[in-house]
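One structure below.
What you are looking at is a predicted structure, and each value in this text was computed from that prediction instead of being measured. One-based numbering, in listed order, for ligands and for the atoms of each.
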Amino acid sequence: MECILIGTGGMMPMPYRMLSSMAVRLNGALYLFDAGEGTQINWKKARLGVRGLKVIAVTHLHADHCLGIPGMMMFKAQMEESAPLVILGPPGIGEFVSQCRRLLDFRLNYPVTVIEWSPESDGLAFCDEQAKILWQPVQHTRFCLGYRLEELDRPGKFSPERAQELGVERGPLWGRLQRGQSVTTPSQRTVEPSEVLGPPRRGRHVAFVVDTRPAPGVYALCREADLAFLEGMFLAEHGQHAEKKGHMTAVEAAAVARRAQVERVVLTHISPRYENFELKELEDEARREFEPVRVGRDLDTFAVSFPEVPGD
Ligand SMILES: [Zn+2]
Ligand SMILES: [Zn+2]
């Protein structure tokens, strides 16, 4: 699993920092969180390919988070046999997408499904054969969602010794047991996968939470994540402004990460008032609160490895 920061800016694009957008790549599928204006520019620089783009999950209907959607949809339509697209977002995202399609009159060659959060929604927004996406309202100046992508659990660790004890010799039957199928030994004994596999091992979890105060939903989304992208828009000296505008400072984001026990945190949605040479200051402030923190730059890529399991 890889996470690619497409854009790390908030509010307006800068020559050196594009707007909010982060892609998760998992076995050829791409899940995009936010698509600020011009997302396709850095997407192309990252050479991700667009055919495998399956989901665009939008946090809220502020321009710096959603104006890139029509461009990404049109870009994807340039490809042959593009995968179907699911768009997740707050109430109103369906109208935004349909009005863009109607007014801009662009044609798509793949099916699009839009799923809007509603008060009846439970925490699960989307699920496919390898991952699920969870959503939670957070606390901003307008309705805003945070997201968490969870890779589905993997089967438990296979025990060759146990298989042999039960009369299953090395060969194709081992593979079937590892894939969760029962097998029959030469002596006609049926061996169930649960007899040779350890407990299921959890997949990798990534949180993406921007444009919010430190609200309960933020903690729920970040809880023990292997990697969390959190907005760290301001230095502490601009804390009052952050509070008024429904944002977090870098220090507040780092404190959330520490309390939610995330493995590591990357700060994004950086205010245009800071130039890139000033980002170290944001990082230093945050690090006093939580050591495994860094400020993301456009096109930074993060490999996410499986959480360590004792005895694995
Ligand atoms: Zn924003
Ligand atoms: Zn906003």
Partner of Leu267 by side chain to side chain contact (heavy atoms under 4.5 Å, CB included), out of Thr249, Val293, Thr8: Val293
Sole residue of Met1, Arg294, Met22 in side chain to side chain contact (heavy atoms under 4.5 Å, CB included) with Phe302: Arg294
Qualifying residue, where the test is side-chain hydrogen bond (donor to acceptor under 3.5 Å, both in side chains) with Asp34 and the options are His65, His269, His62: His65
Leu173: hydrophobic cluster co-members (side-chain, 4.5 Å): Phe158, Leu166, Val168, Trp174, Leu177, Val183, Val191, Val196, Leu197
Number of protein N/O/S atoms that sit closer than 2.8 Å to the Zn ion (ligand 2): 4
Axial cation check for Phe306 ring with Arg154, 6.0 Å and 45° limits: yes
Reported CZ-to-CG distance for the pair Arg148 and Leu221, which is rounded to 0.5 angstrom: 7.5 Å
